[in-house]
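Presented below is the structure to which this report refers.
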Amino acid sequence: MARLVIMDGNSLLNRAFYALPPLTSAEGLPTNAVHGFLAMLLRIQKEKKPDCWVVAFDKTKATKRIEMYDQYKAQRKETPETLKPQFAYLKEILGAMSVPVLESEGYEADDLIATVTRRAEAEGMEIIVITGDKDAFQLVSDQTTVEMTIKGISTVECYNKDKLFEKYQLKPEQIIDLKGLMGDPSDNIPGIPGIGEKTALKLLWSFGSLEQVLENVDAVPGNKLKALLKEYPEQALLSKKLATMIDQVPIDFQIGDFVRTKPDSEKTLGLLHQYSLSMICRLFEQTLDQDQEGPARSRGPAKSQDRRDNENGKNNRNNKNNQDSQDNQEDNRDSQAGPSYEERILDPGGWLEQISSWMTEKTELVISYRLEGEAAHLSVWNEMGICDQRNTYSLDRTQIDKNVLAKWHELLGSPRVFKIMADHKTLYSALANEGVRLDGLKYDLSLAAYLMNPTRSSYQAAELLSGQADELFFSAAREAGLLAHEFENSRKKLEELGLSSLLHELEEPLSIVLAEMERQGISVDREMLEQIGFELEKKIAVIEEDIYQIAGVSFNINSPQQLGKVLFEQLELPPLKKIKTGYSTDAETLEELAGQHCIVEKILEFRHLVKLNSTYVKGLLGQLRDGKVHTTFQQMVTATGRLSSTEPNLQNIPIRMEEGRKLRKVFVPSRGGWELFSADYSQIELRVLAHYSQDPILCQSFQTGEDVHARTASEVFGVPLEQVTPDMRRKAKAVNFGLMYGLTDFGLARDIRIPRKEAKFYIERYFQRYSGVKKYLNDSVVNAMETGETRTLLNRLRQTPELNHQNRTVRQFGQRIAMNSPIQGTAADIMKLAMIRVDEAMKGLEANLLLQVHDELLLEVSARALPEVAQIVKTEMESALLLTVPLQVDCKTGVNWCDMGKYHI
DNA sequence: AATCTCACG
DNA sequence: ACGTACGTGAGATTT
């Protein structure tokens, strides 16, 4: 079956523009979007080997749709100035490459795509549409698949009928009904106000089409929904029409016009050179080499490629080095910055010999890697680059036999072959999926870079090399070569900054502990979670009705904008706080308004329940795999040294509110006869503050084991300990908390709802009594101003450029950072140290570390091993670091993460 | 992509 | 007079 690829020029160029950093040619012309588009085009050429292809563009205005609806795309922002000219550059290059371009006055790219698709279907072709616009889902058929770019352009999701049904439980032709009901804000298509994706989907599942919904309005559940459908039927029908791709555009073409033909290589290379697109040059040359083999004759069905970004990021699977391209390598090297190594190409026998020799010689290897698949714990490597300090090598998984693979895996698992790489944890996780335990880590360049500057936004290999090479994409082999060079710089600088032991004794060992925790995962009781969701939805539906009743209108309560209109315009409540976009409707504001109108508390309750349902029930269910969720602990995100947790975030599971707390019941041990065990540091940050400040009262509080907050209340309010009331203690507790954040009267007043004057008074009293704390905090700021940085007890660094900023608010922020970072960071150091020691001490016992929540460790333990494990965990945590005040750890056990009782040791 | 809101320590 | 507590991540809406 002949294969046709149709690319949506507008959609993809836009995507590429926003996904890539600004790039310019030697003459200063913007080229980032062109670069992205061409990289994608060449990749498609290589992967799909299409017989025919064409790129469709919008032409001027979408007049056909504006005739129907004058507001169509009315509020869309002007195309950025740096993007506009790139359309012309792209078309110029496509011309040279002999890639057909299609455009037609008055029609959008969408319509042209639909028209070509239908015609090609009639001719019995296989069609692949590539776009970032979900409207295209309506084209999916037995012959047509849609590849949707997600998150930028490097990743695509391939939709056939089955995949589409899996995602929406809709047929392709129902996509326009969906748009008709929910609208599309990006095109200013209205849909029906108050109906979002969820409601629209439910309606379509029941009724099949928009028309059917409208005909059977009376059978629709819910009065407000009925009312909405009765109020806006025309708007919905118009929206559907607008979303429908026109597949009968009167345009003169033959599919034969799109047959892939030889590019004008000379002209293309000239243009690519003119626009300084050196990487594209190389890719283009590779395709020239390949195409000499001629187009592929037979192939299987289109493969589904469901890929998401992994931590290896946007460079993933770009620029695989081709074996035929040695000549190019030579050419490129001269034009590229950075050190160069010879890339060597090996055959299977050569590989076996080379790997053996690395193993016997115990060479240090710098390794780069490309992964494929979803999150790291589900992914597998597909290419590695190796630098042995003399040469570089590229190991392409698809081109090696199983003997080489086994030998290479043996090397990776060997503690005697030392490895240098960026982001060891991600590779460790990927290899663990194949039963390989990566060992012999000598230096993790990413962790090192994080320690040297913890506020960067990325520590991926490509980012670490941005100073050395001017390319956007590297081959794995070249990346390894560059990393080898970077290693020398990094190691020297790390040593100078006094961070080497923090790297080798803390972060690197911890990365393995974390990878194993992620891999272990935590069991979730799916049925219970679904039941909780069911009940939340019932409650939400009732409150929702109440709110519409009281307000007298239906609206989307989740939209702060619409909610603001109802509350502050229609119901004329006083707007207490303003934000950029209008009225603030956050909980703090609403709580103040609660007395004035009964709708307010309903809204608060609604928000609360919706949050629990969408973030925790729905979100968690979406992450469940075989009864478990596997978080990813981010080790290089926070500015202070803490960990963070993503996909899902298991560090913010509700606990403060009773209703939310119940969600913790769904977290259970993974085996019968085991229990959950939680150990948390009591007041660790205040203890760190006591240690740092050596304040006599604070130290005494911890040394005698008294109630610190009560003691603070007694000092601040000037009453004996026995006369401290619960309210006094509450306020004192807030002061103690605030201290570590760089207390202000404003913040304290807001937090505990007292007049600012009163807050100011408390703070003054506090610092009179705790003068050691005052002095310490002051010294912290002075020291940070002098050195430009803060340090924790384990020497963890955070730069404080904010202190020199011209804006006063930023400088004040810098002061609070200087006060807070050593405290929060030291607490993080202690916990990390404890984790390594606990992990080590528990080897061989029936217990698994599951989660870290900043000052808490959660484990699962067999009942039999519990006493021993509890003792180990408590002891290791409390003795992780010796402070002048004791560290105290409280332990609990239970059958789930909610119902836990104190565990006495 | 940016904003708002809210969950945690 | 001004903007204000430290550190995070995710979902929904809007642009």
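Naming: A, B, ... by sequence-line order, numbering from 1 per chain. Hydrogens, waters and symmetry mates are skipped; everything else that's a heavy atom, side chains included, is used.
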Under 4.0 Å, counting only non-hydrogen atoms across every strand here, what does [X] touch: a base, just sugar-phosphate, or nothing?
X: A:Lys580; answer: sugar-phosphate
X: A:Asp745; answer: nothing
X: A:Ile655; answer: sugar-phosphate
X: A:Val637; answer: sugar-phosphate
X: A:Gln561; answer: sugar-phosphate
X: A:Arg607; answer: sugar-phosphate
X: A:Arg816; answer: sugar-phosphate
X: A:Ile817; answer: sugar-phosphate
X: A:Ser559; answer: sugar-phosphate
X: A:Phe813; answer: sugar-phosphate
X: A:Glu685; answer: nothing
X: A:Asn649; answer: sugar-phosphate

Next item on the list: Check A:Lys832, A:Glu507, A:Arg642 against A:Gln635 for a side-chain hydrogen bond (donor to acceptor under 3.5 Å, both in side chains) and give me the one that passes.
Entry: A:Glu507

Distance-only check: which donor-acceptor pairs under 3.5 Å involve side-chain atoms of residues 740-759 of chain A, not counting sequence neighbours?
| unit_1 | atom_1 | unit_2 | atom_2 | d |
| --- | --- | --- | --- | --- |
| A:Thr744 | OG1 | A:Gly747 | N | 3.0 |
| A:Arg753 | NH2 | A:Glu591 | OE1 | 2.8 |
| A:Glu758 | OE2 | A:Tyr762 | OH | 2.4 |

Item checked: Between A:Thr790 and A:Ser821: side-chain donor-acceptor atoms closer than 3.5 Å -> no

Among [options], which nucleotide has an atom closest to any side-chain atom of [X]?
X: A:Gln562; options: C:dA12, C:dT14, C:dA5; value: C:dT14
X: A:Asn820; options: C:dC6, B:dC8, B:dA1; value: C:dC6
X: A:Asn558; options: C:dA5, C:dA12, C:dG7; value: C:dA12
X: A:Ile579; options: B:dA7, B:dG9, B:dC4; value: B:dC4
X: A:Pro560; options: C:dG9, B:dT5, C:dG7; value: B:dT5

Notebook entry, point to check: Looking at CZ of A:Arg796 and CG of A:Leu502, how far apart are the two atoms once the value is rounded to the nearest 0.5 Å?
Noted result: 5.0 Å

Note to self: Once rounded to the nearest 0.5 Å, what's the spacing between atom CZ of A:Phe568 and atom CG of A:Leu563?
What the structure shows: 7.0 Å

Return no unless some side-chain N or O of [X] is found under 4.0 Å from OP1 or OP2 of [N].
X: A:Arg656; N: B:dC8; value: yes
X: A:Thr809; N: C:dC2; value: no
X: A:Asn556; N: C:dT13; value: yes
X: A:Arg750; N: C:dA5; value: yes
X: A:Thr581; N: B:dC4; value: yes

Note to self: Quick check on contacts: within residues 821-833 of chain A, what sits under 4.0 Å from DNA chain C by heavy-atom distance?
What the structure shows: A:Gln824

Checklist line | Heavy-atom side-chain contact between A:Leu686 and A:His709 under 4.5 Å | finding: yes

Give the rounded distance in Å between these two atoms: [atom1] of [X] and [atom2] of [N].
X: A:Leu612; N: B:dA7; atom1: CG; atom2: P; answer: 7 Å
X: A:Gln623; N: C:dG9; atom1: CD; atom2: C1'; answer: 12 Å
X: A:Leu83; N: B:dA1; atom1: CG; atom2: P; answer: 14 Å
X: A:Phe746; N: C:dG3; atom1: CZ; atom2: P; answer: 11 Å
X: A:Lys577; N: C:dT4; atom1: NZ; atom2: P; answer: 10 Å
X: A:Glu647; N: C:dT8; atom1: CD; atom2: P; answer: 18 Å
X: A:Leu851; N: B:dC8; atom1: CG; atom2: C1'; answer: 13 Å
X: A:Arg796; N: C:dC6; atom1: CZ; atom2: P; answer: 20 Å

Note to self: Give me the distance, rounded to whole Å, that separates C:dT4 from B:dT3 when you measure between the P atoms they each carry.
What the structure shows: 14 Å

Note to self: Would you measure the distance from the P atom in B:dT5 across to the matching atom in C:dA5 and give it in whole Å?
What the structure shows: 15 Å

Next item on the list: With sequence neighbours left out, write down each residue that passes ring pair (Phe, Tyr, Trp, His ring centres under 6.0 Å) with A:Phe702, or none if nothing qualifies.
Entry: none

All N/O donor-acceptor pairs, side-chain side in residues 851-859 of chain A, below 3.5 Å, sequence neighbours left out:
| unit_1 | atom_1 | unit_2 | atom_2 | d |
| --- | --- | --- | --- | --- |
| A:Gln852 | OE1 | A:Gln651 | NE2 | 3.1 |
| A:Gln852 | OE1 | A:His854 | N | 2.9 |
| A:Glu856 | OE2 | A:Ser678 | OG | 3.0 |
| A:Glu856 | OE2 | A:Trp897 | NE1 | 3.2 |

Margin query: Could you check whether the side chain of A:Gln812 and the base of C:dG3 have a donor-acceptor pair of N or O atoms closer than 3.5 Å, going by distance alone?
Written below: yes

Next item on the list: Kindly indicate whether the side chain of A:Arg808 and the base of C:dT4 share any N or O donor-acceptor pair separated by less than 3.5 Å?
Entry: no

Note to self: Closest-nucleotide mapping onto DNA chain C: is A:Gly738 or A:Thr638 further toward the 5' terminus? I mean the 5' end.
What the structure shows: A:Gly738

Next item on the list: Specify the residue among A:Asp184 and A:Arg798 whose closest nucleotide of DNA chain C lies further upstream toward the 5′ end.
Entry: A:Arg798

Margin query: Between A:Tyr692 (side chain only) and A:Leu793 (backbone N and O only), is there a donor and an acceptor less than 3.5 Å apart?
Written below: yes

Check: A:Thr631 side chain to A:Thr646 main-chain N or O, any donor-acceptor pair under 3.5 Å?
Finding: yes

Next item on the list: Under 3.5 Å for both distances, Watson-Crick or G-U wobble, that's the pair rule; now give the dot-bracket for DNA chain C, with | marking pairs to another strand and [ ] for crossing ones.
Entry: .....|||||||||.

Would you be so kind as to tabulate the donor-acceptor pairs closer than 3.5 Å made by side chains of residues 658-666 of chain A, with sequence neighbours excluded?
| unit_1 | atom_1 | unit_2 | atom_2 | d |
| --- | --- | --- | --- | --- |
| A:Arg664 | NE | A:Pro654 | O | 2.8 |
| A:Arg664 | NH2 | A:Ile653 | O | 2.8 |
| A:Lys665 | NZ | A:Asp899 | OD1 | 3.2 |
| A:Lys665 | NZ | A:Asp899 | OD2 | 3.0 |

Checklist line | Carboxylate-amine/guanidinium proximity below 4.0 Å for A:Lys577 and A:Asp586 | finding: yes

Note to self: Go through it in stages, so that I can follow the logic: the residues are A:Glu537 and A:Val617, the test is side chain to side chain contact (heavy atoms under 4.5 Å, CB included), and I'd like the CA-CA distance, side-chain angles, deciding distance and then a yes or no.
What the structure shows: CA-CA 10 Å; A:Glu537 276 171 17; A:Val617 177; over 6 Å; no

